[in-house]
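Notes to accompany the following structure.
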Amino acid sequence: MNAKNEQARAWQRMLSGRRLDLLDPSPLDIEIKDIIHGLARVARWNGQTTGKHAFSVAQHSLMVEKIFTLSNPNCTADEQLVALLHDGPEYVIGDMISPFKAIIGDSYKSVEARLEAAIHIRYGLPPHPTVALKKRIKRADQVSAYFEATELAGFSDKEARSFFGQPRGITKEQLSITPQETVEVEALFLHRFTEIETARQKASTNKTPKRASS
């Protein structure tokens, strides 16, 4: 075996036909259907959830964007898209639970950051969210995690609050927590992405920040 064959492969072929370089991802190789397809097949909580189906990262992303929009009524469509795609890199690197991320450390974060930048640039967003926006999305993420933990992952209310805090202003009745079939989640994600993109195009045309209704 020659040296070329011995080199570790650092790219992944997508169903769209794109070949994504994990070390130097190009925005030109990012396709929303690849993202959706991958996220809908990645299980949250390492699959340790109740229900007939796994609770996917795609469904989690929809929940986070919903919580973000409810909690930030004046948010823009750009901000909604950042919230929807906040776990976008996981369509390639999977959903590692927080304890494992802590073990891996900076190597994981650097790959994740490069993928995030490629995804954002592909859809006309800044490479990374501002600190303020990231904080608001993180709060929505924690609210989602609280409900996932207590409704699906076997956490007590006290235990979930110790990790994720107490949700305020959001109730589980406002959210879709029951794990759904992969194809259904894919369709819902694509529909929401299209809604937000339509609102972004209108805002760009009118030069007035708008949000997508949810």
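Values reported hereafter were calculated over all heavy atoms of this structure, with side chains retained and with hydrogens, waters and symmetry mates removed. One is the number of the first residue; the rest follow in order along the sequence.
The two residues Y91 and M14 make their nearest non-hydrogen contact at CE1-CE, 3.7 Å. Pairing each heavy atom of P89 with each of H86, the nearest pair is CD-O, 4.4 Å. Nearest heavy atom pair, residue I93 against residue L115, reads CG2-CD1, 3.8 Å. Heavy-atom minimum distance, P167 versus V143: CB-CG1, 4.0 Å. Closest heavy-atom contact between I30 and A118: CG1-O, 3.9 Å. Considering all non-hydrogen atoms of both residues, Q59 and T178 come closest at NE2-O, 2.8 Å.
Applying the side-chain hydrogen bond (donor to acceptor under 3.5 Å, both in side chains) test to residues at least two apart or on different chains, the pairs with a partner in residues 119-132 are E116-H128. The side-chain hydrogen bond (donor to acceptor under 3.5 Å, both in side chains) pairs that include a residue from residues 183-193 are R41-E186, E65-R192, Q180-E184, H191-E195, R192-E195, where partners are two or more places apart or lie in different chains.
Under the 3.5 Å distance criterion, the side-chain polar atoms of D29 are left unmatched by any main-chain donor or acceptor of D21. Looking only at distances, a side-chain donor or acceptor of Q174 sits under 3.5 Å from a matching main-chain atom of T171. No donor-acceptor distance shorter than 3.5 angstrom exists from the side chain of S144 to the backbone of A140, with no hydrogens or angles considered. Q48 places no side-chain N or O within donor-acceptor distance of the main-chain N or O of G154, the cut-off being under 3.5 Å.
T182 places none of its side-chain heavy atoms less than 4.5 Å from the side chain of S56. With a 4.5 Å cut-off on side-chain heavy atoms, F55 and V185 do not count as touching.
Looking at D87 and S61, their side chains never bring a donor and an acceptor atom within 3.5 Å of each other.
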Please table the atom pairs, donor to acceptor, closer than 3.5 Å between any side-chain atom in residues 77-84 and protein atoms at least two apart or in another chain.
residue, atom, partner, partner atom, Å
D78, OD1, R200, NE, 2.6
D78, OD1, R200, NH2, 3.4
E79, OE1, T76, N, 3.0
E79, OE2, R136, NH2, 2.9
Q80, OE1, A212, N, 2.6
Q80, NE2, T69, OG1, 3.1
Q80, NE2, A212, O, 2.9

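Screening F147, W45, Y146 against F155 for a ring-ring contact (aromatic ring centres under 6.0 Å, His included) leaves a single residue, W45.
Placement of I121 and L20 in two distinct hydrophobic clusters is found when ILVMFWY residues are connected by side-chain heavy-atom separations under 4.5 Å, directly or transitively. Placement of L28 and L22 in two distinct hydrophobic clusters is found when ILVMFWY residues are connected by side-chain heavy-atom separations under 4.5 Å, directly or transitively.
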